[in-house]
Amino acid sequence: MHDIKWIKENIVLFDTAMKRRSIPSVSIEVTKLYESYVALLLQLQILQNERNNSSKIIGIKKAKGEDTKLEMEQVAKLKLDIISLQEKSNSVSLKIKQFLEVIPNIPSEDTPDGVNEESNKEIKVFGNKPVFPFKPLSHDVIGYKLNMMDFDKAADMSGARFVILKDKLALLERALCSFMLNIHTQKHKYIEISPPSLVRDKALFGTGQLPKFSKDLFKTNSDHWLIPTAEVPLTNIVADEIIPSVSLPIRYTALTTCFRSEAGSAGQDTKGMIRLHEFKKVELVSIVKAEDSVAEHERMLSCAEEILKQLELPYRVVILCCGDLGFSASKTYDIEVWLPSQNQYREISSCSNCLSFQSRRMNARMRNLNNDIEPVHTLNGSGVAVGRALLAILENYQNKDGSVNIPVVLKPYMNGLDMIALNE
RNA sequence: GGACACGUGGCCGAGUGGUUGAAGGCGCGCCCCUGCUAAGGGUGUAAACGGGCAACCGUUUCGAGGGUUCGAAUCCCUUCGUGUCCGCCA
């Protein structure tokens, strides 16, 4: 959520930024609304002040047993004006709020222009793509042949875009979860959280999924929403808080299941585990001072990269262009892992700096050393998507006979297993 | 799901219609004092918004929303949350 006062003072800057997002300029309109709101408020406050004074006098007079008929009649008249002014100013301020809450964050200066992912900018490539002396299979075929991945049964009970992992693949998923959480808690000093998976509107408004993107979410019949990412509960831990600046940065990590309706992605990635309605993900969230968020963003990216480095999976890092940037983000790095069967890199992590965009929506603030209160900055990133990590391992570590080697760092989590092979 | 109770400032906790943004305590800040024993005294200490160069002034806020009233933390309604007991269940 943008600060209306900031927009008012930076009309050109603001509209230029929105233009990069292909959003028509609204700053003049909002600013005008705001000015009329301030005018109404001023008038209203004068009348409220009069009413308060008169009511005090009535109270004093009544205590003395004096007659207050005159005063009471005067205030009664005032009251009508107050009510009508209040209605007007409420409706204008609601309009302003409705305007502001659907305007996305401003892209950072170093976010490339562009309307779709083709304009994303590659900034780093890491690792060697595996060379196979045979035609590498896709992960779903590998899983099927191992008899450890069942899309058909999942479809019978849940429909499309669900999967059942069995036996060693279920273990591999669990191993990945533990491995990632251990790295982030022990090496990167994130605090592990086990949050709710169901949240109310307010939480999703805070992180920016609502009110605009309800179509992408699942809703229960009890007015809860299933979280699309742990970013939602993790970031909302600081909602409505005033945090002493000495307590920052706060770094949280969590393993959760993520639920996404995938409305509008019909036909995309219909095969395999790439795009499911539910998947597990280890998330990273940082709450930092404004001046620290740029550095924290780099740190977060390197924390996510660390996972892929240790798993020895080839990847690249891109900066998302304006057209690909999420609603709440000012700048986003995507980490893309190499998938041999597709002969391309696919997203496995997304690390975003939201600046004060989310913190203003959820009223998350800090008290600095001068005792002043200001919004914190929030960042979130995947560290990393578990399902996609699993499928990347299957594809990158596959052998000709259909077996799959286990990355060295995962062996302790796999009961010492070196390889997943077809059960005899 | 049934019954009852409760939601006040960083925390605890008074406050059932009238100069109450809110006693008192704790905590914290600043200042002072100090050879009567791990202390005493003074003073300050909410947020948001609006106006003002500023000092400062004003408005709103006692879970949230609405209502009654000249006036509401206090009364009424709705709602959310919490606690306890009962029922049910992992």
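Order of the sequence lines sets the chain letters (A, B, ...), proteins ahead of strands, with each chain counted from 1. Heavy atoms only: backbone and side chains are in, while hydrogens, waters and symmetry mates are out.
Between A:His188 and A:Tyr190, the ring-plane angle classifies as perpendicular under the 30° and 60° cut-offs.
With RNA chain B read from its 5' end, the first of the two nearest nucleotides for A:Asn90 and A:Leu41 is the one closest to A:Leu41.
With a cut-off of 3.5 Å on both pairing distances, the Watson-Crick or G-U wobble partner of B:A64 is B:U78. Both distances falling under 3.5 Å, in either a Watson-Crick or a G-U wobble arrangement, occur for no nucleotide opposite B:G71. Under the Watson-Crick and G-U wobble criteria, each requiring two contacts below 3.5 Å, nucleotide B:U20 is left unpaired. The pairing partner recorded for B:U45 is B:G27, the criterion being a Watson-Crick or G-U wobble arrangement whose two distances lie under 3.5 angstrom. Judged by Watson-Crick or G-U wobble contacts below 3.5 Å, the nucleotide B:C89 has no partner. In this structure, B:C53 makes no Watson-Crick or G-U wobble pair, since no nucleotide meets both defining distances under 3.5 angstrom. Across the strands present, B:G83 finds its partner in B:C4; the criterion is a Watson-Crick or G-U wobble pair with both atom distances under 3.5 angstrom. Partner assigned to B:G40 is B:C32, using Watson-Crick or G-U wobble distances below 3.5 angstrom.
Taking atom CD of residue A:Glu50 and atom C1' of nucleotide B:U59, one finds them 14 Å apart after rounding to whole Å. A:Glu71 places its CD atom 13 Å from the C1' atom of B:G71, with the value rounded to the nearest Å. For the pair A:Leu40 CG and B:G51 P, the computed distance is 13 Å after rounding to whole Å. Atom-to-atom, CG of A:Asp240 to P of B:U61 comes out at 18 Å; the value is rounded to the nearest Å. Straight-line distance from the CE atom of A:Met72 to the C1' atom of B:G18: 12 Å, rounded to whole Å. The CD atom of A:Gln86 sits 12 Å away from the P atom of B:G65 (whole-angstrom rounding). Atom-to-atom, CG of A:Leu78 to C1' of B:C70 comes out at 10 Å; the value is rounded to the nearest Å. Here the C1' atom of nucleotide B:C49 and the CG atom of A:Leu44 are 12 Å apart, to the nearest Å.
Note that the OG atom of A:Ser356 and the CD atom of A:Glu374 stand 9.5 Å from one another [nearest 0.5 Å]. Taken from CZ in A:Phe327 to OG in A:Ser352, the straight-line distance is 13.5 Å, to the nearest 0.5 Å.
Checked against B:G71, B:G50, B:A46, the side chain of A:Arg367 finds its nearest nucleotide in B:A46. Of the listed nucleotides (B:C70, B:A47, B:G50), B:G50 has the atom at the smallest distance from the side chain of A:Lys5. In this structure, of B:C70, B:U19, B:G50, it is B:G50 that holds the atom nearest to the side chain of A:Val38. Comparing B:G50, B:A47, B:G71 by their nearest atom to the side chain of A:Ile242 picks out B:A47.
Between the P atoms of B:A64 and B:U74, the separation comes to 11 Å (whole Å). If you take atom P in B:A22 and the same atom in B:G40, they sit 27 Å apart, rounded to whole Å. One P atom belongs to B:C4, the other to B:C76, and the distance between them is 15 Å to the nearest Å.
The side chain of A:Lys79 contributes an N or O atom lying less than 4.0 Å from OP1 or OP2 of B:G71. Look at A:Asn49 and you'll find a side-chain N or O under 4.0 angstrom from OP1 or OP2 of B:U59. Taking side-chain N and O atoms only, A:Arg365 has no distance below 4.0 Å to OP1 or OP2 of B:A46. Close to B:U59, at under 4.0 Å from its OP1 or OP2, lies a side-chain N or O of A:Asn52.
By the side chain to side chain contact (heavy atoms under 4.5 Å, CB included) test, A:Ile191 pairs with A:Ile193, A:Tyr252, sequence neighbours left out. Taking A:Lys77 as the reference, nothing meets the side chain to side chain contact (heavy atoms under 4.5 Å, CB included) condition, with sequence neighbours excluded.
Across all strands shown, A:Ile373 has heavy atoms under 4.0 Å from sugar-phosphate atoms exclusively, and none from any base. Residue A:Ile58 is in base contact, counting any heavy-atom pair closer than 4.0 Å across all strands shown.
Atom NZ of A:Lys95 has 12 or fewer neighbouring heavy atoms from other residues, nucleotides or ligands inside a 6.0 Å radius.
A cation-pi arrangement is found for A:Arg361 relative to A:Phe205, the charged atom lying closer than 6.0 Å to the ring centre and inside a 45° cone about the ring normal.
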